Number of protein chains: 2
Amino acid sequence: MTTPPDMTRRVTMRDVARAVDMSPMTVSRALRGDQTVNPDTREKVQAAATQLGYVYDTTAQAFRTQKSGFVAVILPSINNANFAETYRGLTDALVESGLQILLGSTGYSVEKEEALVRQLLARNPQAIVLTGGHHTDETRALLAGARVPVVEVWDLPSDPLGHVVGFSNADAMTDLVRHLADGGRRHLAFLGAEPETDRRGAARLDGLLAAAADLNLPPPKVIAAGPAPISMRHGASVVTDMGRDVTDFNALVCVSDPVAFGAMTACQRLGIKVPEQIAITGFGHFEVAAVSNPRITTVGVYASQIGSRTAAVLQDIFAGQTSPQFIDVGSELILGETS
Amino acid sequence: MTTPPDMTRRVTMRDVARAVDMSPMTVSRALRGDQTVNPDTREKVQAAATQLGYVYDTTAQAFRTQKSGFVAVILPSINNANFAETYRGLTDALVESGLQILLGSTGYSVEKEEALVRQLLARNPQAIVLTGGHHTDETRALLAGARVPVVEVWDLPSDPLGHVVGFSNADAMTDLVRHLADGGRRHLAFLGAEPETDRRGAARLDGLLAAAADLNLPPPKVIAAGPAPISMRHGASVVTDMGRDVTDFNALVCVSDPVAFGAMTACQRLGIKVPEQIAITGFGHFEVAAVSNPRITTVGVYASQIGSRTAAVLQDIFAGQTSPQFIDVGSELILGETS
DNA sequence: CCTCATATTGTTACCGATAACATGTTACCG
DNA sequence: CGGTAACATGTTATCGGTAACAATATGAGG
């Protein structure tokens with residue numbers, strides 16, 4: 001009587017090899033589609049693998065080849081249509097290369113980003129994609145020490161860690177302010193999160209202030225709706241709290257479309273006419289801006305393109321290209337009915 | 001003159017061990033905080049590790065211990081506030097256990113789900129979380145063969161693969177239809193994606209039909225806005241295309257809040273008064289439902305709780321609990337101004 | 001001064017796949 | 001018919017941690 005087979009041990013290539021009376025090496029080659037293996041053999045191997053319920057062990061492969069098959073991606077939030085689109089663009093393009101995304105979200109905290117970088121680097125990612133150009137010193141040191149290509153997306157940092165795929169928040173704001181000024185809107189207010197908690201929003205604010213100064217508009221009022229992330233309800237409650245004081249301004253420039261939408265509905269509830277009494281603009285070309293009533297003037301940002309262009313940059317890197325790329329995908333002013 | 005150190009090789013525990021003149025085992029223990037190692041030794045080891053820029057190799061650990069530290073999570077879409085919330089609830093709760101999420105999104109396709117299951121199983125996840133109870137036979141076979149705990153979330157499948165954390169779409173619809181009927185709305189229409197492409201929506205539709213029959217309402221009209229996923233613009237364009245015909249109904253029950261919002265704004269543009277001429281309801285308690293004007297009557301679904309409860313189930317599983325859990329987190333009718 | 005528990009560190013083997021190299025077989029050439 | 005290229009498969013060592021077990025040192029108790 002022999003020992004019963006251990007039902008808890010996983011099926012390995014060795015088991016498959018035994019079943020077809022071949023070496024594990026041949027099984028490995030057959031399953032990966034190596035052309036040197038005889039077609040008959042390949043078929044037999046595949047049949048045996050299926051029959052035994054063999055499941056390939058990517059961990060072992062990653063360990064042996066020292067290639068994890070991972071690309072680490074760190075986003076501020078996953079609950080944001082724009083970032084989600086970037087994620088999708090990246091995923092779709094990376095599938096073809098057999099790469100998988102290892103996702104982390106920081107909740108807009110650089111400290112959490114640092115912890116994530118540390119955690120994700122331990123997984124040996126073949127590249128790491130970060131959102132924005134603002135990081136802790138420790139993060140920068142970690143990334144400099146690791147031999148991993150870095151891509152920063154969504155902004156155009158002045159001091160890039162490596163490659164960059166993004167757009168200029170300042171340029172976008174310049175277009176937007178010019179449009180508002182052309183329409184006779186001179187008294188602007190900016191509604192966003194506390195700038196320290198949202199660097200991207202802060203960059204938009206800076207762009208707004210610079211553009212306003214360029215056009216000799218009076219200095220815009222800055223309204224902070226609390227720490228990032230802020231969304232529809234924050235936009236709404238700020239305007240509700242301000243009441244009719246919002247009409248001190250010609251235009252309310254919001255850090256994002258959801259915020260703008262909240263602000264707009266609050267205005268409507270207060271009986272303030274948009275855009276007659278106040279213009280409202282958003283940022284990001286979220287679906288709500290195109291469907292709301294009135295449609296919200298916004299800035300289109302090609303979020304999914306940021307993802308796919310990033311994937312293309314990664315392909316180049318894996319193909320041996322080393323010189324840092326700096327890609328500006330641009331943005332586009334999208335006129336709605338609120339300005 | 002000695003050979004220069006190979007600058008490309010990664011720093012391993014062996015290197016750290018050499019630096020402090022100890023065995024790699026001691027380094028391993030020190031870095032993991034094993035209490036048996038002398039405090040002085042631990043400090044020396046940590047200092048050397050930092051100094052050498054040592055980065056822990058989770059891949060090697062995963063390989064050796066046969067524990068990947070991964071929980072595979074498969075969602076239909078990441079660009080959906082509800083699923084994103086579930087993801088966040090899960091992540092937040094799992095961080096404490098040192099587990100990482102390996103995310104996949106199916107785009108509402110069971111075939112893509114199958115491919116993802118295959119791919120993710122190869123990473124040796126310690127558990128796998130699927131959305132919904134509808135899977136291909138091959139997927140079911142794969143999961144049955146793998147010795148991995150399975151949790152299905154967001155629905156209450158009649159034939160669960162393992163554990164379940166969800167709510168009853170049918171129950172939710174019963175409440176909703178009763179509310180509408182109480183308000184004198186008897187002629188209902190359901191606006192959703194093509195049922196074959198959206199099982200969750202189909203479950204809601206089934207619930208609606210059953211509830212309507214129970215209350216002796218005339219059979220609701222079913223309107224399909226195309227393959228899943230559908231969102232604001234689909235809701236809007238369906239209503240726009242129908243024009244004033246929508247007022248053939250008392251109430252338009254939408255598969256989700258975004259769809260309801262689109263339908264509502266289209267009504268407004270057509271000059272159809274909501275709720276006077278037609279009630280509109282959504283599903284999911286998205287932010288837009290609470291902020292829009294009028295606020296949309298909807299069903300609250302505790303998305304983040306699904307995530308955290310799922311994490312709790314996983315903890316139980318890792319602690320040895322084996323009997324399948326079946327958790328109904330319920331849902332809640334949230335009255336707005338559109339019904 | 002010996003015994004034995006406690007504290008600390010070391011040794012060995014191994015997780016599963018695969019790169020690099022070696023071997024065996026067939027086929028075709030002059 | 002010997003030689004060699006082309007094809008197909010096998011052997012060995014290895015990636016970086018860590019479980020299991022072994023070994024040594026230290027100190028308390030008798």
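Only heavy atoms go into these numbers, but all of them, side chains included; no hydrogens, no water, no symmetry mates. Just so it is clear, the model here is predicted, and its values are computed rather than measured. Below, chains carry the letters A, B, ... as their sequence lines are ordered, and counting in each starts from 1.
Within 4.0 Å of B:Arg29, counting heavy atoms only, lies at least one base atom of the nucleic acid. Counting any heavy atom pair closer than 4.0 Å across all strands shown, B:Thr36 reaches a base atom. Across all strands shown, B:Thr59 has no heavy atoms under 4.0 Å from either base or sugar-phosphate atoms. Base engagement by A:Met25 is indicated by at least one non-hydrogen atom pair under 4.0 Å involving a base atom. Residue A:Ser23 is classed as a base contact, given a heavy-atom separation below 4.0 Å to a base.
Computed from coordinates, the A:Asp57 CG to D:dC15 C1' distance equals 13 Å when rounded to whole Å. Taking atom CG on B:Asp15 and atom C1' on D:dG17, their separation rounds to 13 Å, with Å as the unit. Spacing between atom CG of B:Asn38 and atom P of D:dA25 amounts to 16 Å, rounded to whole angstrom units. Rounded to whole Å, atom P of D:dC15 lies 8 Å from atom CD of A:Gln66. The distance between atom CZ of B:Arg10 and atom P of D:dC15, rounded to the nearest whole Å, is 12 Å. For the pair B:Leu31 CG and D:dG16 P, the computed distance is 16 Å after rounding to whole Å. Rounded to whole Å, atom P of D:dT14 lies 11 Å from atom CZ of B:Arg14. The CG-P distance, from B:Asn124 to D:dG17, rounds to 19 Å in whole Å.
Salt-bridge formation is detected for the pair B:Arg140/B:Asp159: a Lys NZ or Arg NE/NH1/NH2 atom is positioned less than 4.0 Å from an Asp or Glu carboxylate oxygen.
Residue order along DNA chain C, read from the 5' end via each residue's closest nucleotide, puts B:Met22 first among B:Met22 and B:Ala60. Comparing B:Ser28 and A:Thr65 along DNA chain D, the residue whose closest nucleotide (by nearest heavy atom) sits nearer the 5' end is A:Thr65.
A distance-only check finds a donor-acceptor pair linking the side chain of A:Thr58 to the backbone of B:Ala122 [under 3.5 Å]. B:His163 contributes no side-chain N or O that, together with a main-chain N or O of B:Pro324, makes up a donor-acceptor pair within less than 3.5 Å.
Rounding to the nearest 0.5 Å places CZ of A:Arg42 at 8.5 Å from OG1 of A:Thr36.
Base-pair partner of C:dG30: D:dC1 (Watson-Crick or G-U wobble, both distances under 3.5 Å).
Using modelled atom types, one finds no donor on one side chain facing an acceptor on the other under 3.5 Å when comparing B:Glu111 with B:Thr136.
When the side-chain nitrogen and oxygen atoms of B:Arg32 are compared with OP1 and OP2 of D:dT18, one or more of them lie within a distance under 4.0 Å.
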Decide yes or no on ring-ring contact (aromatic ring centres under 6.0 Å, His included) for A:Tyr87 and B:Tyr87, but give the supporting numbers first. CA-CA 14 Å; A:Tyr87 171 82; B:Tyr87 171 82; 8.6 Å; no
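The list of ring pair (Phe, Tyr, Trp, His ring centres under 6.0 Å) pairs with a residue in residues 101-152 of chain B, not counting sequence neighbours, is empty.
Along DNA chain C, the stretch of nucleotides lying under 4.0 Å from any heavy atom of chain B spans, 5' to 3', C:dT8 to C:dG16.
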